[in-house]
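Letters A, B, ... are given to chains in the order of the sequence lines, protein chains preceding strands, and every chain is numbered from 1.
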There are 2 protein chains.
Amino acid sequence: MAIFSKTCEYAIRAVFYIAHKSASGDRAGLKDIAAGIDSPELYLAKILQDLSRKGLIRSVKGPNGGFYVDADSLARPLSDIVEAVDGQGLFHGCALGLKQCSEINPCPLHDQFKSIRGQISDLLHRTTIGGFNEELIGGLLSLKK
Amino acid sequence: MAIFSKTCEYAIRAVFYIAHKSASGDRAGLKDIAAGIDSPELYLAKILQDLSRKGLIRSVKGPNGGFYVDADSLARPLSDIVEAVDGQGLFHGCALGLKQCSEINPCPLHDQFKSIRGQISDLLHRTTIGGFNEELIGGLLSLKK
DNA sequence: TAATAAAAGGATATTCTTGTCCTTTATTCA
DNA sequence: TGAATAAAGGACAAGAATATCCTTTTATTA
Ligand code: FES
Ligand code: FES
């Protein structure tokens with residue numbers, strides 16, 4: 001198992017991709033993004049429609065249209081994307097699938113897992129959507145293969 | 001998304017359950033285990049068959065039969081179960097789903113995720129199957145609800 | 001205003017995970 | 001030895017995640 005669903009992996013990679021294009025003032029078209037993050041184009045379309053409906057990214061139809069993120073959204077934490085796609089499980093769920101993670105009825109992994117889960121949460125809350133733009137533009141980081 | 005697949009959650013809870021019964025010298029029957037960890041009985045049967053085939057737990061058929069773990073297996077790391085059920089993804093996979101997690105072609109989350117992934121790996125390698133028997137017998141830890 | 005480009009939306013297909021059913025095999029015990 | 005018990009195994013069913021297809025809407029620009 002991975003930390004994120006496949007859908008969420010595509011969503012994050014796409015949002016990073018769009019963000020770094022937006023930083024250069026460009027919009028990104030669907031084909032462009034799909035190629036840039038190595039994802040199935042039509043499935044990605046659905047994901048982006050969803051993020052757009054939820055206001056996490058912007059879109060413009062017609063010639064020269066495409067997807068972009070505004071300055072506000074560039075500063076948003078990555079956790080907003082994760083939560084929109086995968087829900088809150090990663091932030092609050094029990095490692096062993098108990099209905100409710102709690103101190104009162106803890107599973108064997110609770111104590112140690114709580115700390116790790118907290119670090120994942122911190123990472124996703126600290127990281128912003130636009131936070132890697134320089135490295136992405138500079139080609140130091142990768143979103144494909 | 002959770003860290004483990006549902007199948008793996010059941011597997012871990014079941015193995016902990018069987019281990020703590022084995023510590024008391026008992027075998028655990030399917031119904032007993034399913035009730036003890038709150039899982040669908042017939043699905044759990046498949047999971048246990050699989051673990052049994054792979055030698056991670058033992059089983060005996062017939063009256064008074066059931067599942068148990070021998071002393072050797074009690075000392076095995078939990079990572080053996082996770083690997084048998086969910087594979088190696090959790091230990092080596094890229095957070096954003098790149099084909100190959102690497103230093104040469106890192107995704108934006110690589111550096112920070114590597115550390116977290118390492119902690120998960122450590123936790124699962126340090127924790128043994130029988131490691132929580134006392135707390136389970138004492139009722140301090142829970143495997144259901 | 002007409003032609004074109006690109007995202008939105010609805011429906012459907014495919015694949016994987018999870019869960020159930022029924023028969024067979026092995027073990028115990030009367 | 002025969003009846004009862006419990007896991008093993010094979011086939012199937014339901015649901016969710018992933019992926020594709022086709023039509024509609026909106027924006028651009030010639
Ligand atoms: S109860 Fe399982 S992680 Fe908290
Ligand atoms: S490349 Fe993504 S975690 Fe290492």
Side-chain angles (χ1 to χ4, degrees), chain A residues 1-15 17-18 21-22 26-69 82 84-87 89-90 97, chain B residues 1-15 17-18 21-22 26-69 84-87 89 97:
Chain A
M1 287 281 286
I3 296 282
F4 305 118
S5 68
K6 223 145 192 262
T7 305
C8 193
E9 291 173 353
Y10 292 149
I12 295 173
R13 304 212 312 262
V15 165
Y17 187 88
I18 296 167
K21 287 269 168 162
S22 294
D26 284 335
R27 281 182 208 141
L30 179 60
K31 274 192 228 307
D32 177 17
I33 304 168
I37 71 169
D38 192 36
S39 76
E41 184 180 324
L42 294 167
Y43 187 57
L44 182 62
K46 293 301 177 195
I47 299 171
L48 295 180
Q49 277 166 34
D50 185 47
L51 293 178
S52 180
R53 255 184 268 111
K54 288 174 175 159
L56 294 167
I57 61 175
R58 306 264 153 191
S59 72
V60 176
K61 287 182 178 180
N64 239 318
F67 298 90
Y68 67 100
V69 294
V82 174
V85 177
D86 278 351
L90 189 53
Chain B
M1 285 283 286
I3 294 281
F4 305 118
S5 69
K6 223 145 193 264
T7 306
C8 194
E9 290 173 353
Y10 293 148
I12 295 173
R13 305 213 309 263
V15 164
Y17 187 89
I18 296 167
K21 288 268 169 165
S22 294
D26 285 335
R27 280 180 208 143
L30 179 59
K31 274 191 228 309
D32 177 17
I33 304 168
I37 70 168
D38 192 35
S39 76
E41 185 180 324
L42 295 167
Y43 188 54
L44 181 62
K46 293 302 179 195
I47 299 171
L48 296 181
Q49 278 167 34
D50 185 46
L51 293 178
S52 181
R53 255 184 267 111
K54 288 174 176 160
L56 295 167
I57 60 176
R58 306 264 153 190
S59 72
V60 176
K61 287 182 179 179
N64 239 319
F67 299 90
Y68 67 99
V69 293
V85 178
D86 278 352

Asker: What does A:Leu48 touch in the nucleic acid at a heavy-atom separation under 4.0 angstrom: a base, only the sugar-phosphate, or nothing?
Answerer: nothing
Asker: Taking only the side-chain heavy atoms of B:Lys46 (C-beta and beyond), determine which of C:dT20, D:dT18, D:dA27 contains the nearest atom.
Answerer: C:dT20
Asker: For C:dA7, does either OP1 or OP2 sit under 4.0 Å from a side-chain N or O belonging to A:Ser52?
Answerer: no
Asker: Looking only at side-chain atoms of B:Phe67, point me to the closest of D:dT29, D:dA7, C:dG19.
Answerer: D:dA7
Asker: Looking only at side-chain N and O atoms, does B:Tyr10 come under 4.0 Å of OP1 or OP2 in C:dG19?
Answerer: yes
Asker: NA contact type, A:Lys31, heavy-atom cut-off 4.0 Å: base, sugar-phosphate, or nothing?
Answerer: nothing
Asker: Between A:Arg27 (side chain only) and A:Val60 (backbone N and O only), is there a donor and an acceptor less than 3.5 Å apart?
Answerer: no
Asker: Taking only the side-chain nitrogens and oxygens of B:Arg53, find out if one of them lies under 4.0 Å from OP1 or OP2 of D:dG9.
Answerer: yes
Asker: Side-chain N or O of B:Tyr43 less than 4.0 angstrom from OP1 or OP2 on C:dT17?
Answerer: no
Asker: Quick one: is C:dA6 close enough that its OP1 or OP2 comes under 4.0 Å of any side-chain N or O from A:Arg27?
Answerer: no
Asker: Check whether any side-chain N or O of A:Ser59 sits under 4.0 Å from OP1 or OP2 of C:dA6, and answer yes or no.
Answerer: no
Asker: I'd like to check B:Val85 versus B:Ser5 (side-chain heavy atoms, cut-off strictly below 4.5 Å). Are they in contact?
Answerer: yes
Asker: Quick check: do B:Ile3 and A:Met1 have side-chain heavy atoms less than 4.5 Å from each other?
Answerer: no
Asker: Which nucleotide wins on minimum distance to the side chain of A:Pro40, given the candidates D:dA8, C:dT20, D:dT20?
Answerer: D:dT20
Asker: Ignoring the backbone of A:Pro63, work out which of D:dA27, D:dA4, C:dT25 is nearest its side chain.
Answerer: D:dA27
Asker: When you get a sec, tell me which of D:dC21, C:dT27, D:dT29 is the closest nucleotide to the side chain of A:Leu42?
Answerer: D:dC21
Asker: Please walk me through it: do B:Tyr43 and B:Thr7 pass side chain to side chain donor-acceptor pair (under 3.5 Å)?
Answerer: CA-CA 9 Å; B:Tyr43 188 54; B:Thr7 306; 2.6 Å; yes
Asker: What is the distance from CD of A:Glu41 to C1' of D:dC22, rounded to the nearest Å?
Answerer: 14 Å
Asker: Set out, in order, the CA-CA distance, both residues' side-chain angles and the distance that settles salt bridge (Lys or Arg N to Asp or Glu O under 4.0 Å) for B:Lys21 and B:Asp32, then state yes or no.
Answerer: CA-CA 10 Å; B:Lys21 288 268 169 165; B:Asp32 177 17; 3.4 Å; yes
Asker: Determine: side-chain N/O of B:Thr7 to OP1/OP2 of C:dT18, distance under 4.0 Å, yes or no.
Answerer: yes
